[in-house]
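These notes concern the structure reproduced below.
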Amino acid sequence: MRHLIKLAGATALVIGLSTSGFAAEKLKVAFVYVGPVGDFGYSYQHNEGRLAVEKALGDKVETTFLESVPEPDSDRAIEQLVRAGNKLIFTTSFGYMEPTLKVAAKYPNVFFEHATGYKRSANVATYSAKFHEGRYVQGVIAGKLTKANVIGYVASFPIPEVVSGINAFMLGAQSVNKDIKVKIVWANTWFDPGKEADAAKALLDQGADIITQHTDSPAPLQQAEARGKLAFGQASDMIRFAPKTTLTSIVDNWNDYYIARVKAVLDGKWKSEDTWGGFDANLVNMAPYTNMPADVAKMAADTEAAIKSGKLHPFTCPVMGQDGKEIECKGKGVLDDGQILSMNFYIKGIDDKLPQ
Amino acid sequence: MDFAAAIMITVITATTPLLIAALGELVVEKSGVLNLGIEGMMATGAACGFAAAILTGSTFVGVAAAIMAGMALSAVFAFLVLGLAANQVASGLALTIGGIGLSGLIGAGFVGTTRQPVPRFEFPDLSAVELLKDFPYISEIAGVLQFVFGQDPFVYVSLVLAGGIFWFLGRSRAGLLLKAIGENQVSAHSLGLKVVWTRFLAILFGGACAGLAGAYLSLVYTPFWSPGMTAGRGWIALALVVFASWRPVRLLFGAYFFGAATVLQLHAQAASLGIPAQLLSAFPYIATIIALVIMSVGRTSIGAPASLGTPFVPDR
């Protein structure tokens with residue numbers, strides 16, 4: 001037994017040495033995911049981006065990932081990746097913001113990229129996608145298709161990204177249907193299929209006939225399908241889970257961005273900056289418009305095209321707050337990026353109180 | 001009625017996996033062993049159950065595979081804590097971590113696959129029967145019967161399990177011996193009771209229940225598999241056993257209380273009753289702590305088996 005252990009140890013050592021020998025020539029890139037790669041949603045799409053990097057630059061880079069890393073003590077996980085020799089680290093969830101900055105301050109020679117956050121430093125860049133553009137398109141579809149005039153919204157946490165998504169959805173819906181109502185359930189999790197399913201059931205039981213979600217599992221879609229209702233997929237094209245129910249999915253597309261950022265490091269041109277793109281930057285796509293009449297599909301496609309070309313902005317002023325007062329317009333005829341990225345209010349027409 | 005029935009069905013679905021896993025753990029803990037590996041066994045059960053059901057097309061084979069997987073993992077745990085008298089807390093945690101990892105390995109090839117959920121039983125609508133049509137209150141009676149006899153098979157299994165364990169622990173000789181071993185392993189051993197053997201069987205039973213609970217998640221609750229889909233339910237099951245102060249009937253009610261609390265808070269939100277969502281989400285756990293405090297006030301013991309968690313080495 002003891003010999004076996006020694007042998008195993010020696011083998012591990014040799015393997016360790018040999019990989020580090022090769023790795024010296026390759027750029028090591030690491031990814032931290034909040035959910036499992038197999039969520040078929042948010043983390044899955046980030047991992048697709050990682051695979052795209054491998055495919056495009058496989059001879060020059062070596063990638064690794066950590067999945068299901070809890071946000072509160074992610075600094076240990078991130079630091080471990082630094083110690084393992086990674087020179088570029090993508091932390092892909094809002095809650096990694098402070099931990100990423102904390103670790104980055106200790107290792108100025110390592111580059112960090114934090115998704116969906118707003119704090120940067122010399123070696124921490126931020127990037128995010130304008131998911132709310134997709135939500136606006138969803139709202140238009142839902143506004144057209146709902147018969148009950150009640151939409152069920154399965155939300156995760158009351159952070160700006162989610163709140164601006166709810167508002168954009170409602171603005172899109174109100175643009176075609178003045179009477180539409182939304183019921184919002186906070187699941188207080190990004191990924192818990194059972195709880196997400198229960199939330200969807202509660203919303204359906206209370207009269208919603210279309211479900212949309214800002215959580216990561218396909219469970220709400222499945223529940224809608226079981227009841228013969230309609231729903232939207234999240235983060236990746238989820239139609240395989242509910243072929244008769246899925247209207248479209250907002251698809252996060254990180255592939256181009258990740259390849260570009262890794263290339264920047266390889267070329268020595270990386271710098272800390274903020275990237276925030278939507279349909280125009282190909283960071284957000286819509287999955288095919290399905291299970292809806294052709295005229296609604298066309299309307300959705302036109303809305304998508306208008307947003308992409310810049311003709312339409314989801315938050316075009318005047319935007320009314322819940323109290324009916326106009327929200328201050330800091331952009332040119334639209335709410336500016338800062339207002340959207342820090343959104344912490346509901347717009348008029350949402351009869352609910354935003355948890356603080 | 002329809003709305004109430006819909007809520008109750010959601011509560012039952014949310015409760016059943018917790019109840020099944022907690023009942024298994026109750027028996028394990030009554031024999032004096034603390035198995036913290038429920039989460040891992042559930043995860044592996046969910047993965048194996050789903051994989052087997054997809055490969056064979058048979059729900060029954062899936063369920064059997066999940067139970068076997070739970071038992072296999074619990075046998076590893078039993079080897080550590082009974083065979084080697086290893087620390088139960090550490091072994092249980094290792095089982096959870098290992099089980100979750102193993103589930104990812106087994107399930108990797110099945111990500112993105114779906115199948116139909118296990119159907120609920122269909123009880124005929126009596127109000128549609130010609131002979132009974134004019135019977136008073138027939139539509140109400142028919143509705144209740146359809147509800148009572150119209151759940152999925154796992155629900156009845158969980159209730160039968162609860163009743164069976166109540167009888168086993170309270171009324172059967174074997175159950176009394178198991179409890180005696182859990183209360184005082186040294187005395188039980190000196191009386192000639194088979195401490196290790198009994199505990200081994202109890203641990204296997206606990207593993208089977210955790211595997212079954214896992215199968216419920218991936219075959220009924222949300223019929224797909226994804227890593228991390230247990231989402232802490234194993235730990236809730238563990239808390240439930242404490243919440244119920246190691247009594248089967250209280251466990252039954254406790255599990256339904258938990259299930260109802262989680263589902264009703266979602267309904268409260270959808271109806272925008274204005275109660276903070278975070279508080280509502282935390283409610284079941286706060287209730288557990290309050291229950292523990294109430295139970296421990298004025299009592300020397302809250303009902304935990306006296307030998308719980310103590311390794312046993314015969315003749316030492």
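A note on names: the letters A, B, ... follow the listed sequences, proteins ahead of strands, and every chain is numbered from 1. If you're wondering where the values come from, they're calculated on a predicted model, not measured in any experiment.
Of the inter-residue distances, the one linking D192(A) atom CG with T262(B) atom OG1 reads 10.0 Å to the nearest 0.5 angstrom. In this structure, CG in N188(A) is found 7.0 Å from CD in Q269(B), a value given to the nearest 0.5 Å.
Nearest approach of L266(B) to A199(A), heavy atoms of both residues: CD1-N, 3.5 Å. Residue K195(A) comes nearest to Y221(B) through the heavy atom pair N-OH, 4.5 Å, listed as atom of the first residue, atom of the second, then distance.
Using a 4.5 Å cut-off on side-chain heavy atoms (C-beta onward), T114(B) and Q222(A) make contact.
Of the listed residues G152(A), S68(A), G194(A), the one with more heavy-atom pairs under 4.5 angstrom with chain B than any other is G194(A). Options P36(A), G207(A), A208(A) differ in how many heavy-atom pairs under 4.5 Å they form with chain B, and the most are formed by P36(A). Interface check for chain B: of the options D205(A), D351(A), D352(A), the most heavy-atom pairs under 4.5 Å are formed by D205(A). In terms of heavy-atom pairs under 4.5 Å with chain B, the best-connected choice from Q206(A), K353(A), K201(A) is Q206(A).
Contacts between Q223(A) and chain B at a heavy-atom distance below 4.5 Å involve the side chain alone, from C-beta outward. Residue contact with chain B, scored on non-hydrogen atoms closer than 4.5 Å, involves the backbone and the side chain of F241(A) alike. For A108(B), no part lies under 4.5 angstrom from a heavy atom of chain A. For P218(A), the parts sitting under 4.5 Å from any heavy atom of chain B are the backbone and the side chain alike.
Within 6.0 Å of CZ in F253(B) there are 12 or fewer heavy atoms belonging to other residues, nucleotides or ligands. More than 12 non-hydrogen atoms from other residues, nucleotides or ligands lie less than 6.0 angstrom from CZ of R227(A).
Heavy-atom proximity under 4.5 angstrom to chain A picks out T222(B), P223(B), F224(B), S226(B), P227(B), G228(B), M229(B), A231(B), R233(B) from residues 222-235 of chain B.
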